[in-house]
There are 2 protein chains.
Amino acid sequence: MTVTTLDYVLLGLLAVKSYTGYDLGRVMRSPISFFWEARYSQIYPELSKLETQGLVTYQAVAQHELPDKKIYTITEAGRALLRTWAVEPIEPPVIRDELVIKAYSLWMADPESARDLFHYHEQYHFSKLQQYEEVQRRLEESPEDLNDPTSPVFAQYIILQRGLGFEREYAAWCQWVVARLEQAIQLSSSASADS
Amino acid sequence: MTVTTLDYVLLGLLAVKSYTGYDLGRVMRSPISFFWEARYSQIYPELSKLETQGLVTYQAVAQHELPDKKIYTITEAGRALLRTWAVEPIEPPVIRDELVIKAYSLWMADPESARDLFHYHEQYHFSKLQQYEEVQRRLEESPEDLNDPTSPVFAQYIILQRGLGFEREYAAWCQWVVARLEQAIQLSSSASADS
DNA sequence: TATCCCATGTAAGTAGTTACATGATTAC
DNA sequence: GTAATCATGTAACTACTTACATGGGATA
């Protein structure tokens, strides 16, 4: 039984505190989230796999009119595995971005529609950026932990910086594309008015 | 039979010029490449699927002591499909980056190993950046096409900008992490020397 | 002597998505 | 009355990866 990256995402969250499968799914979708996503249909089976491998344990909590809650906790074996995996070498990520693929065929498409498409994505990444900036303000209220490399807040701050940089750059790129298309639209409309 | 994003990658390349499956695989791995990757074991079956759907045709070329070459060409149907798809709305990308997941657990790991890991990735993304800058210089030698939104070079320039921004930002983030870890390593070693 | 280049594919396996199932409670 | 929240899961499907197959010619 191999340990997948999703397993390390779950272990990484459980190393900070205990969660139910449901809560793990929620934090992964939360603003700062992670650079990872998963559905419950993947999370639940994955957690029980981790349990049979002895990397996590759970405590069942009975509830009123709802299925039992399973509160998962990382084991020492889980912690040890996570610690060594965290610094093991990996290959750089394979990037698969559909919008970039669309961009490659923009030369054949309608410029106005193209502009609208990129404007939508500019808005999206700009609003993500603002969410991350809000988290940054909150973290910087207690700056002590940010310089302590043994604190989970230190690590959270690191990935937040990646989020900020990524969204800022993505939004700027979209804006640049919109401006270029806008320019081209104006030029062609004035050219047709001339003729 | 559904049309996947890889299909549009292949159609996007074939809309510019004809290629064999082998050459398509090579351009996808080339410096500027695409924000997409695929193995031959996926490309070849995908091309024959596109052929049965009438989106591409091929011409077989016999070779000396080698299997026949199949030179693929996009059809009018393929062009029309690509043109409309290019501006159809999509959801923002799901980002899955293993290094960011590792970063989240760095607080439990050995700082020296962590620094080495991020230094390696800084080097990688910096060298990618330099490759892209070389392509940029080459493209900017003939700036006419760069402003013509109906030219494939215009679209290539757009995705090149994304590549430049992405690699620049990624390298800068890694460098920032290395500096933070370096600082923490120095502080802890001077603290242990004091005691 | 070994590895890369050319050129095509098949077969088996894995990680992820979509759809389905249950069911009471609260918010719009 | 419609959707979201809590809470767990199974089943079927799709996209992508890894391993295997062929084989001659050029480069290190």
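Reminder, nothing fancy here: chain letters follow the sequence lines and each chain counts from 1. Predicted, not measured: the structure shown is a model, and the values here were computed from it.
We find that NZ of Lys49(B) is positioned 10 Å from P of dT14(D), with the value rounded to whole Å. In this structure, CG of Asp68(B) is placed 18 Å from P of dC6(C), rounded to the nearest angstrom. Rounded to an integer number of Å, the gap from Tyr44(B) OH to dT17(D) P is 16 Å. Here the P atom of nucleotide dT5(D) and the CZ atom of Arg26(A) are 9 Å apart, to the nearest Å. At whole-Å resolution of the value, CD1 in Ile71(A) and P in dT8(D) are 9 Å apart. Whole-Å rounding puts the Tyr40(B) OH to dA7(C) P distance at 10 Å. In this structure, CD1 of Ile43(B) is placed 14 Å from P of dT10(C), rounded to the nearest angstrom. Distance, Glu46(A) CD to dT17(C) P: 12 Å, rounded to whole Å.
A sub-4.0 Å separation between OP1 or OP2 of dC6(C) and a side-chain N or O of Thr20(B) is absent. For Arg29(B), no side-chain nitrogen or oxygen approaches OP1 or OP2 of dC5(C) to under 4.0 Å. Regarding contacts with the backbone of dC6(D), every side-chain N or O of Gln63(A) stays at 4.0 angstrom or more from both OP1 and OP2.
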Q) Can you give one letter per nucleotide of nucleotides 18-28 of chain D, 5' to 3': B if a protein heavy atom sits under 4.0 Å from the base, S if only from the sugar-phosphate, - if neither? A) BB---BS----

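Classification of Arg137(A) and Glu134(A) as a salt-bridged pair holds, one side-chain N sitting under 4.0 Å from a carboxylate O. Between Glu182(A) and Arg115(A) a salt bridge is recorded (basic side-chain N to carboxylate O distance below 4.0 Å). Taking the charged nitrogens against the carboxylate oxygens, Arg168(A) and Glu133(A) do have a contact shorter than 4.0 Å, which makes a salt bridge. Look at Lys49(B) and Asp7(B) and you find a salt bridge, because one of the NZ, NE, NH1 or NH2 atoms lies within 4.0 Å of a carboxylate O, short of that distance.
Heavy atoms of Glu37(B) sit nowhere under 4.0 angstrom from any nucleic acid atom.
Here the two rings, on Trp107(B) and Phe154(A), have centers that are 6.0 Å apart or farther. Centroid-to-centroid, the aromatic rings of Tyr124(A) and Tyr120(A) stay 6.0 Å apart or farther.
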Q. Would Lys70(A) and Gln59(A) satisfy side-chain contact (heavy atoms from CB on, under 4.5 Å), going step by step from the backbone distance to the final call?
A. CA-CA 6 Å; Lys70(A) 290 184 182 174; Gln59(A) 198 201 344; over 6 Å; no

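In this structure, the nucleotide among dC16(D), dA15(C), dT8(C) sitting nearest to the side chain of Lys70(B) is dT8(C). Nearest to the side chain of Tyr22(B), among dC6(D), dA7(C), dA15(C), sits dA7(C).
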